[in-house]
Amino acid sequence: IGSVTTSKFGFVWDTGHWITLRGSLSRDIRAPNMGELFAPQGTSFFTPTDPCDAESQAANPAYAQSCAAAGVASDFQASNGLIRVLTGGNPELQEETARTRTAGFVLSPSVAPTLRFSADWYDIKLTDAIQIGTPVPALLDACYGTTYPNSYCDAITRDSTGQLVSVASNGLNVAQFRNRGVDWQLSYGLQVPALFERGDAKLVLTTLGGYLLEQSNTTSIKQIDRAGELRRDNSGLPKLRWNAGISYSTSRLRLSTQA
């Protein structure tokens, strides 16, 4: 893919009182791997419904507008015969790019030296993500169902008469992912009489959690936000997550629990 540039800027500012501010901005990349670039080429066949067929254009104004921009007449009669579907690696793939932004603060009040609270906002947006094996109908709809031309249209080949010849269902830099939310942590320590020995013990109460604002992926022309999604196997992405813990320690003993 040649050379690329990544960067990261961050700051931490101790205001000199009881609050510290921090934040960062970065640009990161992931290069396509060898399989995505050079997997063996394969060919299969498929009979699609051409979005630029006169009947399809009449039923969908977006198709009509995009097909006109592609130079296909409104009365075009598609053969709707077999076309080649190309699979395998794509040497033309480019890097995936992520933009990450964070901002947060830490509170340490002088009136309560053992109290500490921090919160951080984050926003991670991944663009030009590599999408592999997009179904032919989804590729055609993504090309002609939105503003023409777009990245999906690069995978579609027509002959001089306008008939579909082939669709490349290998990797394309077309997907997007976004993850944003807020994380926080609160801790408070205090001295208590030791239970099993002389002297004092340290008791620390903690809680930490996060609120997921968005975790979405956009493939073809559809965006799915899974923040707040719950599944029967408990593998979903609840918007709010948190846990709490308590620890007890002396010079000779340490106990802790978390829920």
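Worth knowing before you read on, the calculation uses all heavy atoms, side chains too, and leaves out hydrogens, waters and symmetry mates.
- A continuous path of Ile, Leu, Val, Met, Phe, Trp and Tyr side chains, each step under 4.5 Å between heavy atoms, connects Tyr188 with Ile19, placing both in one hydrophobic cluster.
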Requested in this report: Given side-chain contact (heavy atoms from CB on, under 4.5 Å), test Thr206 with Leu186 step by step and report yes or no.
Outcome: CA-CA 6 Å; Thr206 61; Leu186 173 67; over 6 Å; no
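- Judged by distance alone, the side chain of Gln94 and the main-chain N or O of Glu92 form a donor-acceptor pair under 3.5 Å.
- Side-chain atoms of Gln163 come within 3.5 Å of backbone N or O of Ser79 as a donor-acceptor pair.
- Closest approach of Pro91 and Phe38 over heavy atoms only: CB-CE2, 4.1 Å.
- Between Ile246 and Val204, the closest side-chain pair of non-hydrogen atoms is not below 4.5 Å.
- Taking CG of Leu25 as the reference point, atom OG1 of Thr100 lies at 8.5 Å (rounded to 0.5 Å).
- The two residues Ala129 and Gln176 have their closest heavy-atom pair at CB-N, 4.4 Å.
- There is a path of hydrophobic side-chain contacts, each under 4.5 Å, that joins Phe117 to Leu21.
- Linking ILVMFWY residues whenever their side-chain heavy atoms come closer than 4.5 Å, directly or via other members, leaves Leu86 and Ile132 in distinct clusters.
- Proximity of Pro48 to Leu140: side-chain heavy atoms (C-beta onward) are separated by under 4.5 Å at one or more points.
- Between Tyr148 and Gln65, every side-chain heavy-atom pair lies at or beyond the 4.5 Å cut-off.
- Of the possible donor and acceptor atoms, one in the side chain of Tyr248 sits under 3.5 Å from a partner among the backbone N and O of Leu195.
- Nearest heavy atoms, Cys143 versus Ser66: O-OG, 4.4 Å.
- By the 4.0 Å N-to-carboxylate-O rule, Asp50 lies close enough to Arg158 to be salt-bridged with it.
- With rounding to the nearest 0.5 angstrom, the CH2 atom of Trp121 is 8.5 Å from the CZ atom of Arg180.
- Side-chain N/O atoms of Thr146 and Asn150 include a donor and acceptor closer than 3.5 Å.
- For Thr250 and Glu197, the side-chain atoms include at least one donor-acceptor pair closer than 3.5 Å.
- Taking the side chain as every heavy atom from C-beta outward, Cys52 and Gln57 approach each other to under 4.5 Å.
- Considering only heavy atoms from C-beta on, Leu126 comes within 4.5 Å of Glu96 through its side chain.
- Expressed to the nearest 0.5 Å, how far OG1 of Thr43 lies from CZ of Arg84 amounts to 6.5 Å.
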Requested in this report: In sequence, state the C-alpha distance, the side-chain angles, and the governing distance for Tyr63 and Asp141, and then conclude on side-chain contact (heavy atoms from CB on, under 4.5 Å).
Outcome: CA-CA 8 Å; Tyr63 286 168; Asp141 187 58; 2.5 Å; yes
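- Minimum interatomic distance between Asn243 and Thr207 (heavy atoms only, all atoms of both residues): O-OG1, 3.1 Å.
- Salt bridge annotation for Arg178-Asp225: absent, with no cationic side-chain nitrogen under 4.0 angstrom from a carboxylate oxygen.
- Atom CG of residue Leu115 and atom CG of residue Leu205 lie 10.5 Å apart, to the nearest 0.5 angstrom.
- Remark: the backbone N or O of Val106 is not paired with any side-chain donor or acceptor of Ser118 at under 3.5 angstrom.
- Around the CZ atom of Phe9, the shell of radius 6.0 Å holds no more than 12 heavy atoms that belong to other residues, nucleotides or ligands.
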Query raised in the report: What's the verdict on salt bridge (charged side-chain N to carboxylate O under 4.0 Å, His left out) for Asp123 and Arg99, showing C-alpha distance, side-chain angles and the deciding distance?
Result: CA-CA 8 Å; Asp123 184 354; Arg99 180 212 64 196; 3.5 Å; yes
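- Checked for salt-bridge contact, Asp120 and Arg22 meet the test: a charged N lies under 4.0 Å from a carboxylate O.
- Between Phe105 atom CZ and Trp18 atom CH2 the span is 9.0 Å, to the nearest 0.5 Å.
- No side-chain heavy atom of Tyr211 sits less than 4.5 Å from a side-chain heavy atom of Trp242.
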Query raised in the report: Run the side-chain contact (heavy atoms from CB on, under 4.5 Å) check on Asp154 and Tyr152 step by step: do they pass?
Result: CA-CA 5 Å; Asp154 296 338; Tyr152 291 95; over 6 Å; no
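- With 3.5 Å as the limit, one finds a donor-acceptor pair spanning the side chains of Thr102 and Ser24.
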Query raised in the report: Does the side-chain contact (heavy atoms from CB on, under 4.5 Å) test come out yes or no for Asp14 and Thr20, once each step is laid out?
Result: CA-CA 4 Å; Asp14 186 346; Thr20 299; 4.0 Å; yes
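- Looking at Tyr144 and Asn60, their side chains never come closer than 4.5 Å, going by heavy atoms from C-beta outward.
- No donor-acceptor distance shorter than 3.5 angstrom exists from the side chain of Arg101 to the backbone of Tyr122, with no hydrogens or angles considered.
- Side chain of Asp128 to main chain of Thr97: no donor-acceptor pair is present (N/O by atom type, distance under 3.5 Å, no hydrogens or angles).
- Distance alone, capped at 3.5 Å, places no donor-acceptor pair between the Glu95 side chain and the Val4 backbone.
- Placement of Val12 and Leu107 in two distinct hydrophobic clusters is found when ILVMFWY residues are connected by side-chain heavy-atom separations under 4.5 Å, directly or transitively.
- The backbone N or O of Gly171 lies less than 3.5 Å from a partner atom in the side chain of Asn90, making a donor-acceptor pair.
- Annotation for Thr47 and Leu82: closest pair OG1-CD2, 3.2 Å, computed over non-hydrogen atoms.
- The two residues Asp200 and Pro193 have their closest heavy-atom pair at OD1-CA, 4.1 Å.
- Between Ser56 and Thr49, the closest side-chain pair of non-hydrogen atoms falls below 4.5 Å.
- A donor-acceptor pair under 3.5 Å links the side-chain atoms of Glu36 to the main chain of Asn33, judged by distance alone.
- Interatomic distance, Lys125 NZ to Ser216 OG, rounded to the nearest 0.5 Å: 9.0 Å.
- A donor-acceptor pair under 3.5 Å is absent between the side-chain atoms of Ser151 and the main chain of Val174, judged by distance alone.
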